Amino acid sequence: MKKLIIINGPNLNLLGKREPNIYGSLSFTEFLEEIKGKYNTIEIAYFQSNVEGELIDKLHEVGFDYDGIVLNAAAYTHTSVGIGDAIKAIDTPVVEVHISNTFGREEFRHQSYISPNAKGVILGFGLQSYELAIQSFL
Ligand code: CA2
């Protein structure tokens, strides 16, 4: 069975609770249950952390074993050389996702330390960005 993991970065644990105009009103847990049901022939693990080093540790842990990583590094996308380096160091392909269209937002969100080493980037489709990333691994 194919093994994928969704990794979410800082503040994404608040999905569905704040800023529904930008990020929607569904919680990630609700969304994940829906997606696991729909793609029940693959294993979909989930990890969320607000801590940069924990995200790097998780990438190291799954990055030589899993078939694909769907990563929304949230604000660390725009700042973290460490997460960028981790993606370069692992074998498992990473698809970068964002809920919002980061290019339609502030200038500082146009920069990504993830994109240069990602297999691909999907952004701006709300939570559907994650589903499109999962489909890209099938
Ligand atoms: O659009 C995305 O997916 C982002 O990665 C979300 C990040 C943001 O810093 C990136 O520029 C784009 C922010 C995640 C914050 O998530 C929240 C969810 C609900 C309420 C408040 C924040």
Side-chain angles (χ1 to χ4, degrees):
M1 199 187 245
K2 216 166 232 185
K3 271 196 326 192
L4 305 184
I5 184 166
I6 298 173
I7 300 181
N8 269 344
N11 299 309
L12 287 166
N13 53 313
L14 296 179
L15 275 178
K17 295 189 186 128
R18 302 261 188 285
E19 302 193 51
N21 50 322
I22 306 178
Y23 300 114
S25 52
L26 202 64
S27 80
F28 203 82
T29 336
E30 287 165 338
F31 169 73
L32 192 63
E33 284 320 302
E34 209 178 288
I35 226 70
K36 278 183 173 175
K38 192 164 170 186
Y39 297 91
N40 58 9
T41 56
I42 54 171
E43 188 185 313
I44 305 175
Y46 178 60
F47 179 76
Q48 190 276 331
S49 176
N50 296 320
V51 180
E52 187 175 11
E54 286 181 6
L55 294 165
I56 295 172
D57 283 344
K58 183 53 79 175
L59 287 166
H60 294 174
E61 187 188 314
V62 299
F64 299 93
D65 179 27
Y66 277 60
D67 300 294
I69 298 170
V70 175
L71 174 65
N72 186 348
Y76 289 140
T77 305
H78 319 300
T79 61
S80 179
V81 175
I83 294 177
D85 284 348
I87 292 165
K88 201 170 177 181
I90 61 178
D91 290 339
T92 304
V94 171
V95 171
E96 174 183 356
V97 306
H98 297 287
I99 298 165
S100 62
N101 176 359
T102 46
F103 292 103
R105 301 181 66 191
E106 304 92 324
E107 191 85 30
F108 69 86
R109 295 187 204 273
H110 301 184
Q111 158 81 357
S112 168
Y113 285 95
I114 313 299
S115 305
N117 297 306
K119 185 180 177 203
V121 184
I122 299 169
L123 56 91
F125 295 98
L127 290 180
Q128 201 196 348
S129 296
Y130 292 91
E131 185 173 359
L132 295 170
I134 287 166
Q135 287 173 359
S136 78
F137 286 113
L138 302 182

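The structure presented is a predicted model; accordingly, all values stated were derived computationally and were not measured.
With no hydrogens or angles considered, a side-chain donor-acceptor pair links N8 and Y46 at under 3.5 Å. Side-chain contact, T77 with E96: no donor N or O sits under 3.5 Å from an acceptor N or O.
Every residue two or more places apart in sequence or in another chain was checked for a salt bridge (charged side-chain N to carboxylate O under 4.0 Å, His left out) with E34, and none qualifies.
For the pair E43 (side chain) and L4 (backbone), a donor-acceptor distance under 3.5 Å is absent. Side-chain atoms of T92 come within 3.5 Å of backbone atoms of Y66 as a donor-acceptor pair (strictly under, hydrogens ignored). Remark: the backbone N or O of G16 is not paired with any side-chain donor or acceptor of S27 at under 3.5 angstrom. The closest donor-acceptor contact from the side chain of H110 to the backbone of R105 lies under 3.5 Å. No donor-acceptor distance shorter than 3.5 angstrom exists from the side chain of K119 to the backbone of G68, with no hydrogens or angles considered.
When the options I99, I44, I35, V95 are evaluated for a side-chain contact (heavy atoms from CB on, under 4.5 Å) with Y130, the one that passes is I99.
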Go through the steps to decide whether I134 and I6 satisfy the test side chain to side chain contact (heavy atoms under 4.5 Å, CB included), and finish with yes or no.
-> CA-CA 9 Å; I134 287 166; I6 298 173; 4.1 Å; yes
Start with the C-alpha gap between E54 and K58, add the side-chain angles, then the distance that decides, and say whether side chain to side chain contact (heavy atoms under 4.5 Å, CB included) holds.
-> CA-CA 6 Å; E54 286 181 6; K58 183 53 79 175; over 6 Å; no
Side chain to side chain contact (heavy atoms under 4.5 Å, CB included) evaluation trace for V62 with F47 = CA-CA 11 Å; V62 299; F47 179 76; over 6 Å; no
Between M1 and T41, does a side chain to side chain contact (heavy atoms under 4.5 Å, CB included) hold up when you go through it step by step?
-> CA-CA 7 Å; M1 199 187 245; T41 56; 5.7 Å; no
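In this structure, I7 is a member of the same hydrophobic cluster as F64, with clusters built from ILVMFWY side-chain heavy atoms closer than 4.5 Å. A single hydrophobic cluster is seen to contain both L138 and I122, as judged by linkage of ILVMFWY side chains at heavy-atom distances under 4.5 Å, directly or through other members. L123 and Y113 sit in two unconnected hydrophobic clusters of ILVMFWY residues. Membership requires side-chain heavy atoms under 4.5 Å apart, directly or through other members. Under the 4.5 Å side-chain contact rule for hydrophobic residues, L132 and L127 share a cluster.
Rounding to the nearest 0.5 angstrom, the gap separating the CD1 atom in I56 from the OH atom in Y76 is 9.0 Å. Note that CD of Q48 is 10.0 Å distant from OG1 of T29, once rounded to the nearest 0.5 Å.
By the 4.5 Å heavy-atom criterion applied to side chains, I69 and L59 are counted as neighbours. Annotation: side chain of H98 is not in contact with side chain of R109 (no heavy-atom distance under 4.5 Å). Contact annotation: the side chain of V70 never approaches that of S136 to less than 4.5 Å [non-hydrogen atoms, C-beta and beyond]. With a 4.5 Å cut-off on side-chain heavy atoms, I42 and D67 do not count as touching.
Across A75 and P10, no two heavy atoms sit closer than the pair N-CG, 4.3 Å. Across all non-hydrogen atoms, the minimal contact from A86 to H60 is CB-NE2, 4.0 Å. Here the closest non-hydrogen pair linking I114 and A73 is CD1-CB, 4.0 Å.
Around atom CZ of F125, no more than 12 heavy atoms belonging to other residues, nucleotides or ligands sit under 6.0 Å away.
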